[in-house]
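Remarks on the structure that follows.
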Number of protein chains: 2
Amino acid sequence: MLIGELARQTGCEVETIRYYEREGLLSAPQRSSSGYRRYTAEQLGELNFILHCRSLGMSLADIRNLAAFKADHDHDCEDINLLIDQQIAKVHQQVEALRLLEQQLLALRDKCHESHAAADCGILQTLVEAAEGAPCVCHTPFGQDNHGHSQDYDHTAKKNGRSNKDRP
Amino acid sequence: MLIGELARQTGCEVETIRYYEREGLLSAPQRSSSGYRRYTAEQLGELNFILHCRSLGMSLADIRNLAAFKADHDHDCEDINLLIDQQIAKVHQQVEALRLLEQQLLALRDKCHESHAAADCGILQTLVEAAEGAPCVCHTPFGQDNHGHSQDYDHTAKKNGRSNKDRP
DNA sequence: CTTGACCCTGTAGTGACTACAGGGTGTGCA
DNA sequence: TGCACACCCTGTAGTCACTACAGGGTCAAG
Ligand SMILES: [Zn+2]
Ligand SMILES: [Zn+2]
Ligand SMILES: [Zn+2]
Ligand SMILES: [Zn+2]
């Protein structure tokens, strides 16, 4: 099977397959005399495994780990569970963050109903005033006194909690 | 005000401020004789505006547009509403996609309860069998006959209805 | 013998930053 | 005066998971 056929069977693009090989996720296939990649059913399974994991939102690093666990049959599956649990936690946090975001955007959207000049637009006014330190519908949940607003939408929280001196 | 002070007041990192200037989001400040950037209260507001919009999940391109609308006072605010509505739609789609993802991960997690060898792990078995074409708990919602599974987790959907990488 | 579909490698681009390298500037203290 | 040290500058390259070429080679059909 050539790469184009594998791409057709998996729904994965040719360049992505080559990328996975470069990244060491997909084992390097045999080559024809002219250098064409020749795939077997085994590699079809390998690629489907990767695509399945990707569809569950796993990073390529996670998938590499998972593939290593898969190869090491006697290894305890505790690490697999940990990986899945971390993935669940990550996704859950993202859901929560995005739900909050949606509420904030809806509150902001509610500031403008009918068409008018930008200078009078409640949305723009809210954004400009918030930039000057005023409380805003989007980041002031419910009649909350909000001094020093600019520190409140903690954009550093998105990274990992604290920002300044963290080194990965 | 030098760049470090602006960073302290906004909670934005120095390199990010320079990045915003390079990207044309923040107007270029005056320079001291030695080339140091000197910021005024106006630019503090500009930066807070950007950070506020970023905290609402807007892209830098959206923020650039919004800033242009802000400058053009007589422009109709219809475009602003459109931008916000699109942002809401985008976030909503992400929430839905991630909620589905969470359910899929929980279903998969449910395949393993107690610690055992990787070879016997229900999670790994599910993933391997799914790669071979079998239906899987994560992508077969409810006793559904699922032939040709590999086409089902439509990885192309990520292009339009983006999955999880947007909000790290 | 040409057309066109397919294959190869290698490089560069995406978004929104982050992390240096390698240098210059300004202030306080002995 | 010398020096430490905090801060500033530019420019480049890295992150992640691809995607998009450029510029070439291979192969079967007509
Ligand atoms: Zn309006
Ligand atoms: Zn707000
Ligand atoms: Zn298990
Ligand atoms: Zn599945």
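A, B, ... follow the sequence lines: proteins, then strands. Residue 1 opens every chain. Computed from a prediction, not measured in an experiment: that's the story for all the values here.
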- [ ] Name the nucleic acid region contacted by B/Arg31, choosing base, sugar-phosphate or nothing; use a 4.0 angstrom heavy-atom cut-off, strictly under.
- [x] sugar-phosphate
Task: Any donor-acceptor N/O pair, A/Thr16 side chain to A/Cys12 backbone, under 3.5 Å - done: no
Open item on the list: Tell me the interatomic distance from A/Leu6, atom CG, to C/dC6, atom C1', rounded to whole angstroms.
Closed with: 15 Å
Open item on the list: Rounding to an integer number of Å, can you tell me how far B/Arg18 CZ sits from C/dT18 P?
Closed with: 13 Å
Task: Spacing of A/Arg22 atom CZ relative to C/dA12 atom C1', expressed in whole Å - done: 12 Å
- [ ] Among D/dC18, C/dC7, D/dT26, find the nucleotide with the atom closest to the side chain of A/Ser34.
- [x] D/dT26
TODO: For B/Leu47 and C/dA16, give me the distance from atom CG to atom C1', rounded to whole Å.
DONE: 14 Å
Task: Presence of A/Tyr20 side-chain N/O under 4.0 Å of D/dA17 phosphate oxygens OP1/OP2 - done: no
Open item on the list: Between the base of C/dC20 and the side chain of B/Glu15, is there a donor and acceptor pair under 3.5 angstrom?
Closed with: yes
- [ ] Please report, rounded to the nearest Å, how far the P atom of C/dG15 is from the CD1 atom of B/Ile50.
- [x] 17 Å
Task: Options D/dC27, D/dC18, D/dA17, nucleotide nearest the side-chain atoms of A/Ser59 - done: D/dA17
- [ ] Could you tell me the separation between the CD atom of B/Glu5 and the P atom of C/dG26, rounded to a whole number of Å?
- [x] 18 Å
- [ ] Work out which heavy atom in A/Leu2 is nearest to a heavy atom in A/Arg37; give both atom names and the distance.
- [x] CD2-O, 3.4 Å
- [ ] Output yes when at least one side-chain N/O atom of B/Thr16 is less than 4.0 Å from OP1 or OP2 of C/dT18, else no.
- [x] yes
TODO: Mind checking B/Arg37 for me? I need base, sugar-phosphate or nothing, with any heavy atom below 4.0 Å counting as a touch.
DONE: sugar-phosphate
- [ ] Supply the atom-to-atom distance A/Gln103 CD to A/Leu98 CG, rounded to the nearest 0.5 angstrom.
- [x] 12.0 Å
Task: Which atom of A/Ala118 lies closest to which atom of A/Leu124, heavy atoms considered - done: O-CD2, 3.8 Å
- [ ] Output the single nucleotide from D/dC9, C/dC17, D/dT19 whose closest atom is nearest the side chain of A/Tyr19.
- [x] D/dT19
Open item on the list: Expressed as a whole number of angstroms, how long is the span from B/Leu2:CG to C/dG26:P?
Closed with: 10 Å
Open item on the list: Using a distance-only criterion (donor-acceptor N/O pair, under 3.5 Å, no hydrogens), is the base of C/dG26 paired with the side chain of B/Tyr36?
Closed with: no
Task: For the student: nearest non-hydrogen atoms of B/Leu25 and B/Glu46, plus distance - done: O-OE1, 3.9 Å
Open item on the list: If I take atom CD in residue A/Glu13 and atom P in nucleotide C/dC6, what distance separates them, rounded to the nearest angstrom?
Closed with: 14 Å
